[in-house]
J.: 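Can you keep this structure in mind? I'll have questions shortly.
Labels below follow one simple rule: chain letters A, B, ... track the order of the sequence lines, proteins then strands, and each chain is numbered from 1. Side chains are part of it too, since the values below use all heavy atoms of this structure and drop only hydrogens, waters and symmetry mates.
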There are 2 protein chains.
Amino acid sequence: MTRTEFANLDPRIPVVAVDVAIFTVRGGELKVLLVKVKKRPYAGLWAFPGGIIRSDESLEQAAYRELAEKTGWRNVYLEQLYTFGDVERDRTRRAISTVYFALVNAEGLTLKTTEKYAGIEWFPVKKLPRLAYDHAGVIRYGVKRLRWKLEYSNVVWSLLPKTFTLTELQSAYEAILSKKLDKRNFRKKILSLKLLAPTGKMKRWGAHRPAELYRFKTRKPVIVKVL
Amino acid sequence: MTRTEFANLDPRIPVVAVDVAIFTVRGGELKVLLVKVKKRPYAGLWAFPGGIIRSDESLEQAAYRELAEKTGWRNVYLEQLYTFGDVERDRTRRAISTVYFALVNAEGLTLKTTEKYAGIEWFPVKKLPRLAYDHAGVIRYGVKRLRWKLEYSNVVWSLLPKTFTLTELQSAYEAILSKKLDKRNFRKKILSLKLLAPTGKMKRWGAHRPAELYRFKTRKPVIVKVL
DNA sequence: ATAAGTTTGTGTAGAAAATACACTAACCGT
DNA sequence: ACGGTTAGTGTATTTTCTACACAAACTTAT
C-alpha cells in the first residue's frame, strides 16, 4: 500500500480517495459496514472503509479492492454514489473522495480487519455511531438510492443467496423500506416483474409447509420501469 | 487560470477536473452545450466545458465557475452526475473528472467563447457530433437522470423563464421525454402536484385566446414522490 | 394415526390513478 | 360579425394499488 501511495506532499494538490458504503440486510435490519478511525483528528469516530487510489487502478477497481479487502466478496453489486470535493480528509491536505455503494449478502461472512483501523463493525442505519466527515449524510443518500433501486431494478440479488424463498425476499424489502408489506400484494407485484424464476426445489426447515425456492433470472442490472 | 493550476508534473499523480453537462430546451429539442477541443490528441472533437479545479474551490464551486464562464448564468439547477476515474484526459497524466449536470433557460443567451476552445455550440442530444472521452455515455446517463427528475421533482423551473404558460411547460416536458403528451392529462397531473401557482397575469401573443401565466411556488429542489 | 402448531400460498372486491378522447372560450385581424 | 388560432375543460374506461382471510403442507408430540 505504502509503495503505491504517491509522495504527494504539497498540501494544495488534491489526494484522490475511494470509500465504500457497504450495505447488507441482517437480523431484519439494513446495516452498513463502518471502520473505526485511528488517525487524528478523527480518531475514535467511525467512517467508511476506503483509501487512496493506486496509480494503476481506476476508481471502480479501487472500490472493488477495498470491498475485497474488507469482506472477501467480489461478485456483488457496486455502483458509484457521490464524490466529495470539499472534504478536508485530515484537515491538512485537500482530498477528493468518491463513495461507492455496495450490496452484499453478509450471512456467514467474517469481517477482515486490518491494523489500519481500530475496529470494523456492522451498524443498523437507524442507530449509527458518531461518524467522521459527512458520512452520515452519505448514508442517508445511499439508503434513498437503494430504496429507489428496489422499486425498479433487480439489484437486491446481491443481498441474497443464490436461491431464496419469496418470504426471504420480502423480508429484505421490508428491512430496506423499513415497513411491513402485504404478502399477497408483494408476491403479485414481484412476480409480475418477471425477474424471478422458480427453481423447482423446496426449502424445508421447520414443522410446517416447505417454501419454493426462487432465483433471479439474471444478475446483470436490469431496470424495469421504462420512461 | 494558469496561476492557480498546480505545478503537478508527476504523471502518476491524478489531476482533478470538473466538467459541466449543460442542458437546455430550444426549438422543441433537448440540447447540450459542447466545446470543440483544441489540444491533442482530441483536437477537433467535442467535449463538455470544464477544467482543472483550483486549490481554493470545492468541486461544486468549480462547476458553478465553469457554468458562469460559459453562459453567464448563476442561479440555475446544478447537480453532480458522475465521476470518471479511468479517463486519461490527454493520455499522459492520470485524471479524475467529475461531471456536473446543469439546466438552463437558453432563450436570449449569447454564449461566451474563450480562446481555450475552437468553438462552442448547442447540440440536440439526438444528433451529437463526435465526442472526446466517453462523454456520449455521460450524456445518455444525464438525459436518463433528467427524465427521472421530471417525474418527481420541480427542477424544470431552471429551464423556463420566471413565468410561463402551461403550454410552454408541456413543450419542455415533451422535448425532454421526446414524446407527445395529452394536454388535459398533463394539466391535471401537473396541477395536482401543487408545485405551480397562477400569477393572475396573461400572456398575449397572437390572434387567439391569451394564456394564463404560472410560476413555480419555490425554486428550491422539491421531491414529490415519497417512499 | 391424529391433533397441534407453524409457515406457505392463494383470490377478489373496492379505491385510486392513468389513459383516451372532442368541443367551447377567448382573442385578433379583417 | 366571421375566420383563424391557441387556451382551457370533463367524463368514461382501463389499469394499477390496496385491503383483507383462509386452506394447504409439513413436523413433532401424543
Side-chain angles (χ1 to χ4, degrees), chain A residues 25 27-28 107 147-148 150-153 160-161 163-215 223-227, chain B residues 25 27-28 107 147-148 150-153 160-161 163-215 223-227:
Chain A
V25 170
E107 303 304 329
R147 288 181 177 165
W148 267 113
L150 222 49
E151 304 275 319
Y152 62 88
S153 86
L160 296 167
T163 67
F164 48 86
T165 68
L166 291 182
T167 302
E168 286 164 351
L169 182 62
Q170 184 176 343
S171 303
Y173 270 73
E174 289 176 340
I176 295 168
L177 298 173
S178 125
K179 68 175 178 199
K180 281 278 166 201
L181 300 174
D182 178 84
K183 195 205 275 198
R184 279 172 289 193
N185 293 339
F186 176 79
R187 285 163 188 242
K188 222 180 303 166
K189 177 92 178 282
I190 209 80
L191 291 174
S192 77
L193 298 180
K194 308 279 182 204
L195 297 172
L196 302 181
T199 62
K201 307 218 162 147
M202 302 299 247
K203 177 165 189 174
R204 300 162 191 278
W205 61 282
H208 53 77
R209 179 171 178 173
E212 171 119 51
L213 284 163
Y214 286 78
R215 62 178 177 78
I223 302 299
V224 169
K225 173 162 180 177
V226 205
L227 280 177
Chain B
V25 170
E107 302 304 330
R147 288 180 177 167
W148 267 112
L150 223 50
E151 304 274 320
Y152 63 87
S153 85
L160 295 167
T163 67
F164 48 86
T165 68
L166 291 183
T167 301
E168 285 164 353
L169 183 61
Q170 182 176 344
S171 302
Y173 270 73
E174 288 176 341
I176 295 168
L177 299 173
S178 121
K179 68 174 178 200
K180 280 278 167 201
L181 300 175
D182 178 83
K183 196 205 272 197
R184 279 172 289 191
N185 294 340
F186 177 78
R187 285 164 187 241
K188 221 180 304 168
K189 177 91 178 282
I190 209 81
L191 291 174
S192 77
L193 297 181
K194 309 279 183 202
L195 297 172
L196 303 182
T199 61
K201 308 217 161 146
M202 302 298 245
K203 177 163 188 173
R204 300 162 192 277
W205 60 283
H208 53 78
R209 180 172 179 173
E212 170 119 51
L213 284 163
Y214 285 79
R215 62 177 177 78
I223 302 298
V224 169
K225 171 160 182 178
V226 204
L227 278 177

J.: I need the CZ-P distance between B:Phe186 and C:dA20, as an integer number of Å.
T.: 16 Å
J.: Does any N or O in the side chain of A:Glu174 come within less than 3.5 Å of the main-chain N or O of A:Leu181, such that one atom is a donor and the other an acceptor?
T.: yes
J.: Holding to side chain to side chain contact (heavy atoms under 4.5 Å, CB included), I want the full list of residues that pass it with B:Pro161, two or more places apart in sequence or in another chain.
T.: B:Asn105
J.: Ignoring hydrogens and angles, write down the donor-acceptor pairs under 3.5 Å from the side chains of residues 197-209 of chain B, residues two or more places apart or on other chains.
T.:
{"from": "B:Thr199", "atom 1": "OG1", "to": "B:Lys201", "atom 2": "N", "distance (Å)": "3.1"}
{"from": "B:Thr199", "atom 1": "OG1", "to": "B:Leu213", "atom 2": "O", "distance (Å)": "2.8"}
{"from": "B:Lys203", "atom 1": "NZ", "to": "B:Glu168", "atom 2": "OE2", "distance (Å)": "2.4"}

J.: I'd like to check the ring-ring contact (aromatic ring centres under 6.0 Å, His included) partners of A:Phe186; sequence neighbours left out, ordered by chain and number.
T.: A:Tyr173
J.: For a quick test of reading the model, state the closest non-hydrogen atom pair linking A:Gly28 to A:Ala175 and the distance between them.
T.: O-CB, 3.4 Å
J.: What's the shortest heavy-atom distance between A:Arg215 and A:Thr163, and which atoms?
T.: CB-CG2, 4.4 Å
J.: Which whole-number value in Å describes the distance from B:Lys189 NZ to D:dT9 C1'?
T.: 19 Å
J.: In whole angstrom, give the distance that lies between atom NZ of A:Lys179 and atom C1' of D:dA19.
T.: 14 Å
J.: Which parts of nucleotides 5-12 of chain C does protein reach within less than 4.0 Å, heavy atoms only, written one letter per nucleotide 5' to 3' as B for base, S for sugar-phosphate only and - for none?
T.: BBBBBBBB
J.: Specify the angle, to 10°, made by the local axes at the two ends of the helix from C:dA1-D:dT30 to C:dT30-D:dA1 when five pairs are taken at each end.
T.: 10°
J.: Would a 4.5 Å heavy-atom cut-off, applied to side chains only, mark B:Leu160 and B:Tyr214 as touching?
T.: no
J.: Got a sec, which pairs hit salt bridge (Lys or Arg N to Asp or Glu O under 4.0 Å) with one end in residues 185-199 of chain B, sequence neighbours left out?
T.: none
